[in-house]
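Here the structure comes first, spelled out in structure tokens, and everything after it is commentary.
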Amino acid sequence: MSNLIVKTASAYEYPLLIKQLYLAPLANNPNQEIVYRDQLTLTYKTWQERVHRLANALAAIGVKEGNTVAVMDWDSHRYLEAYYAVPMMGAVLHTINVRLSPEQMIYTIEHAEDDVIICHADFIPLLESIKGRIQEGRKFILIDEGGEVVNQHFQFEGEYEKLLAEASPTYNFPDFDENTRATTFYTTGTTGLPKGVYFSHRQLVLHTLTTTAALAAPASQGRFHRDSVYMPITPMFHVHAWGVPYVATFLGTKQVYPGKYVPAMLLKLLTSHKVTFSHCVPTILNMLLKEPTSKEFDLSNWTCIIGGAALPKALAIEALKRGIDIFAGYGMSETCPILSLAQISVEEEGLTFEEQADIRCRTGYPVGLAQMRVVDAEGNDVPQDDKSSGEIVVRSPYLTQGYLKDHVHSEKLWEGGWMHTNDVAVVNSKGSIRITDRTKDVIKVGGEWLSSLEIEDVIAKHEGILEVAVIGCPDTNWGEVPLAIIVSKDTVQFEDREIIQIVKASVDNGVLPREAITLKVKRTDSIDKTSVGKINKVALRTRFL
Ligand code: AMP
């Protein structure tokens, strides 16, 4: 084989580095806009200069190849600058999850060995609270959006804008091995210590190319293209906002960064900039649609991927009625993240909303370069009958190669050469996957497995339900029974037995298995959420069982 690898000594090998992702848009569309809230609009050209300035500013305070630069900021043009400048210097970008508990945050800062932390003024109190518990010797840069920062403890190297203004707008970004680590962040796991995942330049480039192609592939539904207007509504600290900021920059589309998520501001930006493409978790979309003023905003040109948790059918139908092109996407922190999308075909666009929702809420089809299997306990593929369930295992060139400095969990993640997702799913005859649960969330009633997601879907259709989560509850007769924890709307009065009745009706018409009638119901004012806004079933179990 080796004589088939032929190289000309002077040929340029073109390593797959993040710096190549912005070359085309800068050449083709330098005046395209990058917007920050209602505060600032930059052109791609100015933004690129700022990327160079940031690299020079970091170099001036001693950042070198192999160092780690962490960011604590809301979603912003600055974050996008760090997405490029830090890895392009050969350093590692650590996107700190600002919603972790102080204990977990200390752990991640120490574990990632952050050399520099770029911190928005809003998070100074948080840093102050852990001061003395993180090692000395780190350098800090302040992002001060014109506010008065009262800070007694931190010696900042400077303020972000001032440092950029003083730095040169040209930095010579070097070439290096495409397998160099570019980013690190921590899983938002609800148990145990957060686990660090990491991605190389090559992986981020391949994820960008794959996602770009997957979103450009459909004839009309679920598309993202050069003329889209993009606004992320999943935090930039979590899995690079699903990698879509890299896609948007690669395509040269207009980008809008919303800062801290405030529903009224999100709705205002969505409509004033005519945003056409976003992504968020179901709870955020639910919040936006339930916002009192929401109906005043026209969202009929908006396409939104829902991921991070299953897209409930009732929410999908509500969104479709508002004219929103909604569909599910699936992935996890360990997978960079995008593995599959539930886009629909041109023929399927003619179906009723109810029928379309069944397709759009599935986990969908693997994107190019993602190999997904659903396997039983022996590792055999389950039949494609949409009933037989198994675990999703995956391969792709952009999956984390392990957990940072954690050999034991890394081996478990990659057992048998496939990445284990712990997601339970079925596959239909067309090859479309549908997640029915997390392995830890399935409920075993009298020996039969029940999907908590399917029961939640049925209950969410009741007009009085604001939010619902179903967990398994120990039971002397059945071993376990489903417990629905519900938050009801103030405006609708109803009895708990109505919830039991709609579940029973779904059992009668074959939507849910017979065992679902063992359901119990409890009411609460709020449902616990994780640091990225997903339903936290571990916390619910602690609270209600
Ligand atoms: P995280 O690593 O925090 O991004 O969480 C990843 C997990 O979220 C996956 O393993 C799934 O359990 C869940 N998830 C993500 N997308 C979907 C989806 N479309 N449907 C169902 N569950 C999802």
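From I435, atom CD1 reaches atom CD of E454 across 12.0 Å, with rounding to the nearest 0.5 Å. From R438, atom CZ reaches atom CG of D423 across 4.5 Å, with rounding to the nearest 0.5 Å. Distance check: R322 CZ to F297 CZ gives 9.5 Å after rounding to the nearest 0.5 Å. For the atom pair OG1 of T249 and CD of Q32, the computed distance is 10.5 Å after rounding to the nearest 0.5 Å.
Distance alone, capped at 3.5 Å, is enough to place a donor-acceptor pair between the D457 side chain and the K313 backbone.
Of all heavy-atom pairs between Q203 and L399, the closest is NE2-O, 2.8 Å. Closest of all the heavy-atom pairs between I109 and I96 is CG1-CD1, 3.8 Å. Nearest heavy atom pair, residue P482 against residue I455, reads CB-CD1, 3.9 Å.
For the pair R78 and Y36, the cation sits on the ring face: its NZ or CZ lies under 6.0 Å from the ring centre, inside 45° of the axis.
Around the CZ atom of R226, the shell of radius 6.0 Å holds no more than 12 heavy atoms that belong to other residues, nucleotides or ligands. Counted within 6.0 Å of CG on N509, heavy atoms from surrounding residues, nucleotides or ligands total more than 12; the atom is thus considered enclosed.
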Could you pull out all donor-acceptor pairs under 3.5 Å where a side-chain atom in residues 229-244 meets a protein atom, sequence neighbours excluded?
residue : atom : partner : partner atom : Å
Y230    : OH   : H279    : NE2          : 2.7
T234    : OG1  : H279    : ND1          : 2.9
H240    : NE2  : T183    : OG1          : 2.9

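For the residue pair S220 and E349, a side-chain donor N or O sits within less than 3.5 Å of a side-chain acceptor on the partner. A donor and an acceptor atom, one from each side chain of R543 and T524, are located under 3.5 Å apart.
A search for ring-ring contact (aromatic ring centres under 6.0 Å, His included) contacts involving F353 returns nothing, not counting sequence neighbours.
When R523, K489, K290, K529 are each tested for a salt bridge (Lys or Arg N to Asp or Glu O under 4.0 Å) with E467, only one passes: K529.
No side-chain heavy atom of F544 sits less than 4.5 Å from a side-chain heavy atom of C473.
A distance of 6.0 Å or more separates the ring centres of F250 and Y246.
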